[in-house]
Chemist: 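My structure is below; once you've seen it, I'll send some questions.
Order of the sequence lines sets the chain letters (A, B, ...), proteins ahead of strands, with each chain counted from 1.
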Protein chains: 2
Amino acid sequence: MTWEERLSDAGFRITAPRRAVIQVLQEADAPLVPRDILERGGGVHPELGLTTVYRTVALLAELELVRRVHQSDGCHAYVAATPGHRHHVICEACGRTVEFPGSDEVSALIANVERTTDYRIEEHLLQLFGLCPACRGED
Amino acid sequence: MTWEERLSDAGFRITAPRRAVIQVLQEADAPLVPRDILERGGGVHPELGLTTVYRTVALLAELELVRRVHQSDGCHAYVAATPGHRHHVICEACGRTVEFPGSDEVSALIANVERTTDYRIEEHLLQLFGLCPACRGED
DNA sequence: CTCACTGCAAAGAATTTGCACTGAA
DNA sequence: TTCAGTGCAAATTCTTTGCAGTGAG
């Protein structure tokens with residue numbers, strides 16, 4: 001199912017600005033902040049406004065089509081989400097992002113922490129930062 | 001070694017505003033955003049300014065005495081850091097925060113991800129969210 | 001046809017910077 | 001005594017809101 005179908009099924013309209021934002025996010029391989037999306041989206045739909053970018057990413061995030069990632073400097077960038085997968089490795093040099101599945105290690109860790117801290121864990125935020133193969137100079 | 005000694009050793013001066021910010025952060029058991037720190041710090045040093053709070057947390061974070069944590073709503077809150085420990089469990093109800101050590105599971109996970117993605121992992125951000133024992137109604 | 005969606009401009013936060021003054025070392 | 005550190009006010013972002021016009025369904 002495409003993003004447009006998902007929007008449509010959820011009762012939202014398919015408009016030119018939304019198409020532009022969707023296209024930009026789907027083509028990006030690194031997290032983008034709203035301003036990035038505006039700039040790139042301008043190539044597709046020049047009238048695009050920043051307000052609409054904010055509203056659209058909020059909508060897409062709610063439908064879990066994109067995910068918000070956190071960065072040490074500029075927080076709140078967005079990347080396309082792979083369904084079921086929840087974590088990101090972000091290249092510190094080029095920003096290129098890859099998702100990896102929530103793994104057994106994470107489950108084991110959570111069980112472990114629940115036992116030692118007596119908290120009941122419901123959510124987690126896990127992001128790894130490093131260098132992608134290309135930026136390590138092995139391209 | 002106290003925080004003041006650490007500051008001093010690093011060549012920074014010990015001032016009343018810095019003492020106030022330090023005291024507030026050391027007494028807090030949940031992450032605080034700059035405005036929180038300002039309000040609480042006002043009880044200790046009424047002239048405290050928001051600018052100084054920003055500058056002081058940046059300094060403390062650089063010395064790794066506090067850590068910046070990310071929250072889904074208001075990003076960028078700060079908590080006292082336990083040396084060597086790197087992760088937090090934050091209670092979704094009361095905000096109370098507990099640190100837990102970087103464990104074998106995390107190392108295993110990282111090794112795993114390095115293998116499958118071919119990224120070289122250098123940093124990670126791991127935060128768990130859940131309910132602390134008190135907020136689960138078992139107090 | 002309707003009303004969800006849009007862009008603009010303005011309002012509101014969050015954060016940083018310029019600057020003269022003050023007090024820690 | 002000196003200059004790092006401070007508070008204020010102003011400047012910059014970043015993000016949200018109010019509103020009248022417009023086009024998707």
Chemist: Please tabulate, one pair per line, each protein N/O and nucleotide N/O from nucleotides 16-18 of chain D that are separated by under 3.5 Å, including the distance.
Modeler:
none

Chemist: May I ask you to check whether over 12 heavy atoms, not counting those of A:Asp104, lie within 6.0 Å of atom CG?
Modeler: no

Chemist: Between protein and nucleic acid, restricted to nucleotides 21-23 of chain D and to nitrogen or oxygen atoms under 3.5 Å apart, what atom pairs and distances do you find?
Modeler:
from: D:dG23; atom 1: N2; to: A:Arg13; atom 2: NH1; distance (Å): 2.9

Chemist: So, taking the atom named CG in B:Leu60 and the one named CD1 in B:Ile22, what distance separates them when rounded to the nearest 0.5 Å?
Modeler: 5.5 Å

Chemist: Would you name the heavy atoms of A:Ile110 and A:His124 that are closest together and state the gap between them?
Modeler: CD1-ND1, 3.7 Å

Chemist: Any sub-3.5 Å donor-acceptor pair from A:Arg6's side-chain atoms to A:Glu64's backbone N or O?
Modeler: no

Chemist: Whole angstrom is fine here: how far is it from CG in B:Leu59 over to P in C:dT16?
Modeler: 14 Å

Chemist: For A:Thr15 and for B:Arg35, locate the closest nucleotide of DNA chain C by heavy-atom distance; then report the residue assigned to the nucleotide nearer the 5' terminus.
Modeler: A:Thr15

Chemist: Whole Å only: how far is the CD atom of A:Glu47 from the C1' atom of C:dC8?
Modeler: 13 Å

Chemist: Atom CD1 of A:Ile37 and atom C1' of D:dT15: how far apart are they, to the nearest Å?
Modeler: 14 Å

Chemist: Could you tell me whether the side chain of A:Ile90 reaches within less than 4.5 Å of the side chain of A:Pro31, counting heavy atoms only?
Modeler: yes

Chemist: For A:Arg67 and A:Glu99, work out which heavy atoms get closest and say how close.
Modeler: NE-OE2, 3.9 Å

Chemist: Once you round it to whole Å, what is the distance between P of C:dA25 and CD1 of B:Ile14?
Modeler: 6 Å

Chemist: Roughly, in whole Å, what's the span from CD in B:Glu4 to C1' in C:dA25?
Modeler: 14 Å

Chemist: To the nearest Å, how far apart are A:Leu7 CG and D:dG25 C1'?
Modeler: 14 Å

Chemist: To the nearest Å, how far apart are B:Leu60 CG and D:dG5 C1'?
Modeler: 14 Å

Chemist: Is it the case that over 12 heavy atoms from other parts of the model lie below 6.0 angstrom from the CD atom of A:Glu62?
Modeler: no

Chemist: Specify the closest pair of heavy atoms between B:Arg96 and A:Tyr119, including all atoms of both residues, with the distance to one decimal.
Modeler: O-OH, 3.0 Å

Chemist: Distance-only check: which donor-acceptor pairs under 3.5 Å involve side-chain atoms of residues 40-51 of chain B, not counting sequence neighbours?
Modeler:
from: B:His45; atom 1: ND1; to: B:Glu47; atom 2: OE1; distance (Å): 3.3
from: B:His45; atom 1: NE2; to: B:Glu47; atom 2: OE1; distance (Å): 3.4

Chemist: Rounding to a whole Å, what distance do you find between A:Leu38:CG and C:dC8:C1'?
Modeler: 13 Å

